[in-house]
Amino acid sequence: MSNRSAITEFLLLAFADMRELQLLHFGLFLGIYLAALLGNGLILTAVACDHRLHTPMDFFLLNLALLDLGCISTTLPKAMANALWDTRAISYQGCAAQVFLFVFLIGAEFYVLTIMSYDRYVAICKPLHYGSLVGSRACAQMAAAAWGSGFLNAILHTATTFSLPLCQGNAVDQFFCEIPQILKLSCSDAYLREVGALLFNVSSVFGCFVFIVLSYVQIFRAVLRMLSSQGQHKAFSTCLPHLAVISLFISTGMFASLKPPSISPPSLDLVVSFLYSVVPPALNPLIYSMRNQELKHALWKLMTRCVSEAINFHSTSADD
């Protein structure tokens, strides 16, 4: 019997067994999801509509917001539906789609964050060559490379994972379909193929991490050599949000990947996966808008215009 015909659905791990707690979790998840939609949606609209934000850094920020929206929309709506309807089931096809989309989006996001560190390095360390090294064509090519690499990575892992024979049941100890949890359901030696793919992926991530570290070593050396305190402040204002996002992304992801199985009960796995899959997409817009004055101005202008149009529409409707 084939792997596909043996299992038609998976059972995800519930956040709680009590009905009251399930509804409380649904309300919490809904609030986080709406905040992520609002924050990333505002950034997308502001960058697209304000010509002052048509810069390489803001172009990559737009890509990051798109990836964050996709990432949180891959996992959280299903978790909310399960909490609301008191169920744990997800179809085989739905589980495969979750794995593919999550690996694709999370991988592409890390590559985009790596490119953003290169953008900051060129802007601060080689400002005279910025236009030639990070022009519009180069930005489009780097973004396409990030999305394409994430796509190919997702195909590799999804195909490898779901070609494995699963003989340990269909209960996934996670609130979404996560590759390490699915591997626990595979037969004894079959998972080694996916472990090899994971090791290749880890080496790629480590290479990006080293590149980011080396870029920021050069950036901080250049910033500390600046004579103008205003120039230093501007440089730090553009770099610190990016560093904060990278730190949040890497720290939660590394803890989820490297924690010893012996001290990893399902409840801890649940919390850690929630931290690295849901929290960064919700917080990234806030982190980036806190120190970016142009982005804050564009967001304020956008929200003011929306409120003004809503008031005018309401007044017109009342007059009619």
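Excluded from the calculations below are hydrogen atoms, water molecules and symmetry mates; all remaining heavy atoms, backbone and side chain alike, are included. Nothing fancy with the numbering, it's 1 onward along the sequence.
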Just by distance, do the side chain of [X] and the backbone of [Y] share a donor-acceptor pair under 3.5 Å?
{"X": "Thr160", "Y": "His157", "answer": "no"}
{"X": "Asp119", "Y": "Val134", "answer": "no"}
{"X": "Asp58", "Y": "His54", "answer": "no"}
{"X": "Thr114", "Y": "Phe110", "answer": "yes"}
{"X": "Asn153", "Y": "Ser149", "answer": "no"}

*Check the pair Leu42, Thr45 against side-chain contact (heavy atoms from CB on, under 4.5 Å), reporting the backbone distance first and the verdict last.*
CA-CA 5 Å; Leu42 285 173; Thr45 307; 5.7 Å; no

Return the [atom1] to [atom2] distance between [X] and [Y], rounded to the nearest 0.5 Å.
{"X": "Phe10", "Y": "Gln174", "atom1": "CZ", "atom2": "CD", "answer": "14.0 Å"}
{"X": "Leu13", "Y": "Glu178", "atom1": "CG", "atom2": "CD", "answer": "11.0 Å"}
{"X": "Asp173", "Y": "Leu185", "atom1": "CG", "atom2": "CG", "answer": "8.0 Å"}
{"X": "Ser273", "Y": "Phe175", "atom1": "OG", "atom2": "CZ", "answer": "6.5 Å"}
{"X": "Leu30", "Y": "Leu23", "atom1": "CG", "atom2": "CG", "answer": "12.0 Å"}
{"X": "Ile124", "Y": "Arg221", "atom1": "CD1", "atom2": "CZ", "answer": "14.0 Å"}

Which pair of non-hydrogen atoms, one from [X] and one from [Y], has the smallest distance, and what is that distance?
{"X": "Met80", "Y": "Phe26", "answer": "O-CD1, 3.4 Å"}
{"X": "Ala36", "Y": "Pro281", "answer": "CB-O, 4.2 Å"}
{"X": "Asn40", "Y": "Ala65", "answer": "OD1-CA, 3.5 Å"}
{"X": "Ile212", "Y": "Ser117", "answer": "CG1-OG, 3.7 Å"}

Side chains of [X] and [Y]: closer than 4.5 Å at any heavy-atom pair?
{"X": "Thr74", "Y": "Phe104", "answer": "no"}
{"X": "Ile219", "Y": "Tyr121", "answer": "yes"}
{"X": "Cys71", "Y": "Ile106", "answer": "yes"}
{"X": "Phe162", "Y": "Cys95", "answer": "yes"}
{"X": "Val172", "Y": "Leu11", "answer": "no"}
{"X": "Pro56", "Y": "Val122", "answer": "no"}

*Just say parallel, tilted or perpendicular for the rings of His25 and Phe29, cut-offs at 30° and 60°.*
parallel

*If the plane angle is over 60° it's perpendicular, under 30° parallel, otherwise tilted; pick one for Phe211 and Tyr118.*
tilted

*Check the pair Tyr216, Arg120 against side-chain contact (heavy atoms from CB on, under 4.5 Å), reporting the backbone distance first and the verdict last.*
CA-CA 9 Å; Tyr216 270 100; Arg120 292 298 86 200; 4.1 Å; yes

*asked:* Around atom CZ of Arg19, are there more than 12 heavy atoms from other residues, nucleotides or ligands closer than 6.0 Å?
replied: yes

*Taking the six-membered ring for Trp, is the centroid-to-centroid distance between Phe100 and Phe151 below 6.0 Å?*
yes

_same_hphob_cluster(Phe274, Leu21) at 4.5 Å side-chain heavy-atom cutoff_ = no

